[in-house]
Protein chains: 2
Amino acid sequence: MQKSKKLYFITSNKTKFEEAQEILGDIELEQFDIDLPEIQEIDARKVVRAKLEAALAHHEGPFIVDDVSVRWEALNGLPGPFIKWFLKSFSLEEIHAMLEKLGNTATEVSLLIGYAKNKDDIHFFEGQVTGEIVAPRGEYFGWDPIFQPEGHDKTYAEMSREEKNKISHRRLALDKLKEFLGLL
Amino acid sequence: MQKSKKLYFITSNKTKFEEAQEILGDIELEQFDIDLPEIQEIDARKVVRAKLEAALAHHEGPFIVDDVSVRWEALNGLPGPFIKWFLKSFSLEEIHAMLEKLGNTATEVSLLIGYAKNKDDIHFFEGQVTGEIVAPRGEYFGWDPIFQPEGHDKTYAEMSREEKNKISHRRLALDKLKEFLGLL
């Protein structure tokens, strides 16, 4: 078990950082905003590992970095880690309309967190949530207004941040990280 | 104008290499099969530039490397350089069925060739062809059976290699490279 209580979270996204800090609670997180090249790989572990190795070449760890994958059944599991390009190229309404036309809105979202103390000490923690893409409801960040997790009648965006943090893919992955760090 | 008549073409794909050699004719091409990381970027120039820089770090040039982008109107211009992941996740029939369901099969394919003598001497040459995604006809490699260029009644796969090499996105890009090299 690691004893370190300070972690660098590599992200340029303030909301992601705040969510992570809220969930991790005790652990002191520091935002580390460094622009790392992202490799083109469908396997999120390879994407995350390459980022951790690049970060370790710049600065001492430990680091965490994450990557979100979204799998649409209608697209045979794509776009996976390429979701960000869909969010840049489509409005949320258009994503919903596309999946409706394809006749299948089933969605699995997963967050992969990579933790690295050094190059030989890299660990992965994954949280997955299944649900549906719906017409946008609520306002928040990213694609939260169109994702409704299974067993809920609200989209991520309609939930309070506390509600979302109890059930989100980020929560599930961060819980595994916390357990690993011996803090649960 | 460059006078060099020997070029290293960075590719692991033998058919691509043969097509390029046939089109380039006079220029002596050598296949350089090195596994370079591909960055995750929608801008093909950034993808190609990163590969050229990585290759130059290993070996003396001049190098060419290419990247294909496919833009589907039904997907607001995606998948772009991420086409390879669609070809891994979908059968050709499924790609056609998906675009039919979305009501738009219009497609633009472009080949971007990057040429580098050294890090400060990088040039780009692009060839674009518009057309439609159709039900698979003919057998060849990649997605050739489902791409029918505008103004033709054959798919790429139904054309002889000579026919295809006269009109393809690869031909258009390689012609620009040849012109640059002073050989046209």
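Protein chains get the first letters and strands the later ones, always in sequence-line order, with residue 1 at the start of each.
- The aromatic rings of Phe180(B) and Phe125(B) sit tilted relative to each other, their planes meeting at an angle between 30° and 60°.
- For residues 153-174 of chain B, a heavy-atom distance under 4.5 Å to chain A picks out no residue at all.
- Note that CD1 of Ile27(B) is 6.0 Å distant from CG of Leu7(B), once rounded to the nearest 0.5 Å.
- No side-chain donor from either of Glu108(A) and Thr130(A) sits under 3.5 Å from a side-chain acceptor of the other.
- Between Phe32(B) and Phe63(B), the ring center distance clears the sub-6.0 Å criterion.
- For Leu78(A), the part lying under 4.5 angstrom from a heavy atom of chain B is the side chain only.
- Rounded to the nearest 0.5 angstrom, Thr11(A) OG1 and Ile64(A) CD1 are separated by 9.5 Å.
- Lys176(B) places a side-chain N or O within donor-acceptor distance of the main-chain N or O of Glu126(B), the cut-off being under 3.5 Å.
- Checking side-chain atoms of Lys51(B) against main-chain N and O of Ile10(B) turns up no donor-acceptor pair under 3.5 Å.
- Tyr8(B) and His59(B) have perpendicular rings, their planes meeting at more than 60° on a 0 to 90° scale where under 30° would count as parallel.
- A 6.0 Å sphere centred on NE2 of His58(A) holds no more than 12 heavy atoms belonging to other residues, nucleotides or ligands.
- Hydrophobic clustering of Ile, Leu, Val, Met, Phe, Trp and Tyr side chains at less than 4.5 Å, counting indirect connections, unites Val70(B) with Leu102(B).
- Looking at Glu53(A) and Lys119(A), no side-chain N of the basic residue comes within less than 4.0 Å of a carboxylate O on the acidic one, giving no salt bridge.
- Contacts between residues 87-101 of chain B and chain A, counted as heavy-atom pairs separated by less than 4.5 Å, involve Ser89(B), Phe90(B), Glu94(B), Met98(B), Lys101(B).
- Within residues 13-22 of chain B, no residue has any heavy atom less than 4.5 Å from a heavy atom of chain A.
- Val65(A) and Val68(A) fall into different hydrophobic clusters, defined by Ile, Leu, Val, Met, Phe, Trp and Tyr side-chain heavy atoms under 4.5 Å apart, directly or through other members.
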Which donor-acceptor pairs under 3.5 Å do the side chains of residues 43-50 of chain B make with protein atoms, sequence neighbours left out?
{"unit_1": "Asp43(B)", "atom_1": "OD1", "unit_2": "Arg45(B)", "atom_2": "N", "d": "2.9"}

